[in-house]
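The structure appears below as structure tokens.
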Amino acid sequence: MMKSLDNKGRWRAKTVSFRVSFEEAKDLDTRVRLSGLTKQEYIVCRLQERDVIVQPNSRLFKAMRDGIREILSELKRIEKSSDVTDEVLDTINLLAKTYHDLEEK
């Protein structure tokens, strides 16, 4: 098995995998994109109950822009407020929190 040295000098030779639903995978991918971290870094931070510190970069801003576009198209599709899904509300809240936290920096 191939070992790899991470940026903190640790050997990462152990692979951990798990199954998630389509909705959970989409939520995870959204959170990872908006964190600016790799999926591995994000999951390890969350597992160790460390705060995810968002590092502003062009990839993050593109992810935020794309997320806002997706929300806008979804909101245009919705005819009444009762049609708004929890997934859309969660994404709106995550985008708003990320933007607010970046604005404070």
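Predicted model only: the values in this text are computed from it and were never measured.
No donor-acceptor pair under 3.5 Å is formed between the side chain of Asp27 and the backbone N or O of Glu23. The backbone N or O of Ser21 lies less than 3.5 Å from a partner atom in the side chain of Glu24, making a donor-acceptor pair.
Atom CD1 of Ile68 sits about 12.0 Å away from atom OG of Ser73, to the nearest 0.5 Å. Between the CG atom in Leu34 and the OH atom in Tyr42 there is a gap of 9.5 Å [rounded to 0.5 Å]. To the nearest 0.5 Å, atoms CZ (Arg31) and CD1 (Ile43) are separated by 12.5 Å. To the nearest 0.5 Å, atom CG of residue Leu95 and atom CD1 of residue Ile71 are 5.5 Å apart. The CG atom of Leu28 sits 10.0 Å away from atom CZ of Arg33, with the distance rounded to the nearest 0.5 Å. Taken to the nearest 0.5 Å, the CG atom of Leu94 stands 12.5 Å off from the CG atom of Leu89.
The same ILVMFWY cluster, assembled from side-chain heavy atoms under 4.5 Å apart, contains both Leu37 and Leu47.
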Inset, instruction - Using the salt bridge (Lys or Arg N to Asp or Glu O under 4.0 Å) rule, take Lys39 and Asp29 through it: C-alpha gap first, then chi angles, then the decisive distance, then the call. - result: CA-CA 8 Å; Lys39 190 177 282 189; Asp29 289 342; 2.7 Å; yes
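Looking at every heavy atom in both residues, Thr38 comes nearest to Val32 through C-CG1, 4.0 Å.
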